[in-house]
Structure formats: structure tokens, C-alpha cells
Colleague: 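Got a structure for you, questions after.
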Protein chains: 2
Amino acid sequence: MISKRTKYAIKALVALAKNKDKKSMTIMEIAQQENIPKKFLEAILLDMRKQGILSSKIGIGGGYYMLKQPSEIVLTQLMRTIDGPIAMLPCVSLNFYERCEDCTDEVTCGIRDAFAQVRDASLKVMSETTLEDIVKREERLKVSKSKGKKQG
Amino acid sequence: MISKRTKYAIKALVALAKNKDKKSMTIMEIAQQENIPKKFLEAILLDMRKQGILSSKIGIGGGYYMLKQPSEIVLTQLMRTIDGPIAMLPCVSLNFYERCEDCTDEVTCGIRDAFAQVRDASLKVMSETTLEDIVKREERLKVSKSKGKKQG
DNA sequence: TATAAAATCTATCAACTTAGTATACTTTTG
DNA sequence: CAAAAGTATACTAAGTTGATAGATTTTATA
């Protein structure tokens, strides 16, 4: 399970990515639109800002806006910077490797080998998914939903 | 990340699966061999027993032994019964579905769609991996390691 | 039948993480 | 100057995880 923090982060970024016409969105706007506790969102957006994904403007008329292109923001980056490792075992993590204390021989560990395969599979998908993809998916899903309505 | 509980469970099962000659292993034996805190392992093995994977015999000469065949024990089953959902979002979980409270329309949610793909990818691997596979991997890895030594 | 070996049961705990709240502050613009 | 906005710091409540402790029950065997 990803944390709510990560989920909220993605939601907020999707909201901002969709919001191309307007220059920026206030924390309040995003919070209400996406059903995210405002104070919690505050901290999350600040994080995204420190990572160079977002920027903000203080004061009246201010708010948050995208700094990076949605097509440049990859799911793996978000997940790693917020939740940390993606792998299911510390010893197979590419970015947060740690030895398993109980392990006597990592090289011949079948469990490690199996979970390395799992990591590869999920990483393949996640590393190919950008914010842009998610927005596009959303658009597609909305179209096919409305088509479904007309048909049913 | 899977919990240590799950990791220990898999390790213990691998140890028991490898232990074909002897009838059973005591908690103490498994704990020492696999570097697992004995009391913790106790609870884990009891769990596996309740699930019908292991059985045990009390008293002198007693211990734990496999009830199911290693080829019948699938990674997904272990993970689900110990850690719960495999999916990274409650709303894409096949076995532990829950609505995201903040979500307004699940059907058109791009995040959900993306993580459903992730789930499919990792589930494919995990559902094809049995305890037998892990044991075989271990054997293969040991062979290729010793070969490597001779060559190097 | 006493004893030791083994599993079982029940309870508890400390540390950590997560999700969220509170309060006070600073910067900007009208 | 006042209101709107983001920034900073600290705190907390609840839940989870990893682990320990102590007492009990069952069984083999000397």
C-alpha cells in the first residue's frame, strides 16, 4: 500500500496538471476539489516544491503551479521520494538497499531472487507511467464512461 | 515492503521444505538455522498451522512439518494471509477492496487505473511463484555460485 | 510415574509510523 | 494597512510491528 501522503500528492499533481488554463491553484482549492485535509496537503505541496516539481507564489492571487512538465514526472520518482523503497525486501531495493540482518548468504537466497523478479515487474510499469499518462487515462475513462451511458 | 513476519514465514517454510529427510523440525531448530527470534517464530508457525500449511506434534521428538506440498504453496497466499492486500491502493485490491474515502468517481480515476496495471504486473509474478520455485532457485543459485568460484 | 522436551496460550511492551491538527509567522498585493 | 496566501514548527492520537515473558499443556521415555 502506498501512503495517503503519496496518493494525495499524485492527486494534487493531477489536479494541477489538468489546470492548464489558470496559472495557479491555492492549497484551499486543491484541498476542496480533491477532498484532502488542507493542513496535510500543505506539507505535501511544500515537499513537491522542495523537489522542484512545483513552485508557489505567496500572497493574494498566489498559489501553486507546475514547474516540471507532467510528461517528465514519473510515478517511481514520486513514490520513492515520499514513501521510500518500492521493492518488497530491503535487499532487493535499487535505491534504498539494506542488508537483511537475518540473512546469511544474500547471493544464494531464493526469496531474494523471487522478490527481485516481482520488483522488476512492478518497476517496469511504474517507471513507464508519468503524470501525463494518468491525466490521459482519466480523459479516456471519462469518454468511455459517457459512451457506456449512451449505449446502456 | 513485506513485513518481517511474512519474510520469516517464507524462510521457515523454505527450511521445512528443504528438510525432507527428517520428519519434523523444532521451533528452536528453525529459529537458530534461520536467525529468527524464537518467540516471534512461534506465533508465525502457529499461524501457518491454522492455515493448514503446517502441522505440529507436541512433546519430545515433536516439532513442525509440512502438510501442504511446496508446489501448492503460492506466494500470494502467504502474503495475503499475513500482510493482507498486495495492491498499492485499497480500491484496486482484489481480495481486500475498500473504497478510497477521498475519491469522487472510482470508475474514471486515472490513479486507480495506473495502479491496477501495477497490481496486475506484480500479481502475475507472485501468483506463479511457489515455495517449490523458491527452493529450486536456491539450489540453482548455489550451483552457479560454486561454478563462479572455480572459474574465478 | 516422574521428568524433560516440546508446542501452546495469554498478555504485554517499546518503538515507530501515519495521518492529521494547532499555532504562530512571513510575504505579497490591492 | 489589511487580507490572502504560503511557511515553519511543534504536537498528538491511533495503529502497527517486532518482539518478549510467563504460565500451561501434551507427549515420549527412562
Side-chain angles (χ1 to χ4, degrees), chain A residues 1-12 16 22-32 34-51 53-65 67 79 81-85 88-90 96 98 100-102, chain B residues 1-12 16 22-32 34-51 53-65 67 79 81-85 88-90 96 98 100-102:
Chain A
M1 288 277 165
I2 60 172
S3 64
K4 291 215 171 181
R5 203 179 173 93
T6 297
K7 204 209 166 186
Y8 289 161
I10 304 175
K11 283 189 79 171
L16 282 164
K22 284 192 232 167
K23 279 163 205 159
S24 66
M25 287 178 84
T26 67
I27 298 178
M28 199 56 183
E29 279 176 321
I30 302 173
Q32 287 182 339
E34 302 296 333
N35 289 309
I36 304 172
K38 195 200 153 201
K39 275 290 181 184
F40 196 18
L41 180 59
E42 242 177 70
I44 293 166
L45 292 177
L46 218 47
D47 236 53
M48 300 293 105
R49 186 170 155 278
K50 280 174 192 159
Q51 281 176 50
I53 294 174
L54 298 179
S55 189
S56 60
K57 214 183 141 196
I58 263 179
I60 295 177
Y64 274 94
Y65 54 92
L67 212 56
M79 300 190 49
T81 52
I82 305 179
D83 276 353
M88 307 197 91
L89 282 179
F96 299 85
E98 252 179 282
C100 294
E101 322 93 54
D102 56 285
Chain B
M1 289 278 165
I2 60 171
S3 64
K4 291 215 171 180
R5 204 180 172 93
T6 297
K7 202 207 167 186
Y8 289 161
I10 303 175
K11 283 189 80 172
L16 282 164
K22 282 190 232 168
K23 277 166 205 159
S24 65
M25 286 177 85
T26 67
I27 298 177
M28 200 56 184
E29 279 176 322
I30 302 173
Q32 287 182 339
E34 302 297 332
N35 288 310
I36 304 171
K38 195 201 155 201
K39 275 290 181 182
F40 195 18
L41 181 59
E42 234 178 77
I44 294 166
L45 292 176
L46 218 46
D47 236 52
M48 299 294 105
R49 186 170 155 277
K50 281 174 193 161
Q51 281 175 51
I53 294 173
L54 298 179
S55 188
S56 60
K57 212 183 142 195
I58 264 180
I60 295 176
Y64 275 92
Y65 54 92
L67 212 57
M79 301 189 50
T81 52
I82 304 179
D83 277 353
M88 307 197 91
L89 283 179
F96 299 85
E98 252 180 282
C100 295
E101 320 93 54
D102 56 285

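Every chain is numbered from 1 and lettered A, B, ... according to where its sequence line falls, protein lines coming before strand lines.
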Colleague: Report which part of the nucleic acid A:Ile27 touches: base, sugar-phosphate, or nothing (heavy-atom distance under 4.0 Å, all strands).
Modeller: sugar-phosphate
Colleague: Report the distance from atom CG of B:Leu41 to atom P of C:dA6, rounded to the nearest whole Å.
Modeller: 14 Å
Colleague: So, does the side chain of B:Lys39 form a donor-acceptor pair with the base of D:dG22 at under 3.5 Å?
Modeller: yes
Colleague: Ignoring backbone atoms, test whether B:Tyr8 places a side-chain nitrogen or oxygen under 4.0 Å from the OP1 or OP2 oxygen of D:dG18.
Modeller: no
Colleague: What is the distance, rounded to the nearest whole Å, between atom CZ of B:Phe40 and atom C1' of C:dT8?
Modeller: 17 Å
Colleague: A:Tyr64 side chain: which of C:dG20, C:dC9, D:dT7 is closest?
Modeller: D:dT7
Colleague: Expressed in angstrom and rounded to an integer, what is the separation of A:Lys4 atom NZ from D:dA13 atom C1'?
Modeller: 15 Å
Colleague: Tell me the interatomic distance from B:Leu46, atom CG, to C:dA11, atom P, rounded to whole angstroms.
Modeller: 15 Å
Colleague: Closest nucleotide of DNA chain C for B:Glu101 versus for B:Lys38: which of these residues is on the 5' side?
Modeller: B:Lys38
Colleague: With a 4.5 Å limit on heavy-atom distance, are the side chains of B:Met48 and B:Ile82 in contact?
Modeller: yes
Colleague: Do B:Asn35 and A:Glu101 come close enough that some side-chain heavy atom pair is under 4.5 Å?
Modeller: no
Colleague: Going by heavy atoms in the side chains, are B:Arg5 and B:Asp47 under 4.5 Å from each other?
Modeller: yes
Colleague: I want to check one thing: is the phosphate of D:dT7, taken as OP1 and OP2, less than 4.0 Å away from some side-chain N or O of A:Arg49?
Modeller: yes
Colleague: Roughly how many Å is it from NZ in B:Lys50 to P in C:dC9, rounded to a whole number?
Modeller: 6 Å
Colleague: How many whole angstroms separate atom CG of A:Asp47 from atom C1' of D:dG6?
Modeller: 15 Å
Colleague: What is the distance from CD of B:Glu42 to P of C:dC9, rounded to the nearest Å?
Modeller: 10 Å
Colleague: Are the side chains of B:Leu46 and B:Tyr64 in touch, meaning some heavy atoms are under 4.5 Å apart?
Modeller: yes
Colleague: Heavy atoms, side chains only, cut-off 4.5 Å: are A:Lys38 and A:Ile27 in contact?
Modeller: yes
Colleague: Output the rounded distance in Å from CE (B:Met28) to C1' (C:dA4).
Modeller: 15 Å
Colleague: Counting only non-hydrogen atoms, which of residues 54-62 of chain B are less than 4.0 Å from DNA chain D?
Modeller: B:Lys57, B:Ile58, B:Gly59, B:Ile60
Colleague: I need the minimum non-hydrogen distance between B:Gly84 and B:Phe96, along with the two atoms involved.
Modeller: C-CE1, 3.6 Å
Colleague: Between D:dG18, C:dG20, C:dA6, which one does the side chain of B:Arg5 approach most closely?
Modeller: D:dG18
Colleague: Evaluate the side-chain proximity of A:Lys7 to B:Cys100: yes if any heavy-atom separation is below 4.5 Å, no if none is.
Modeller: yes
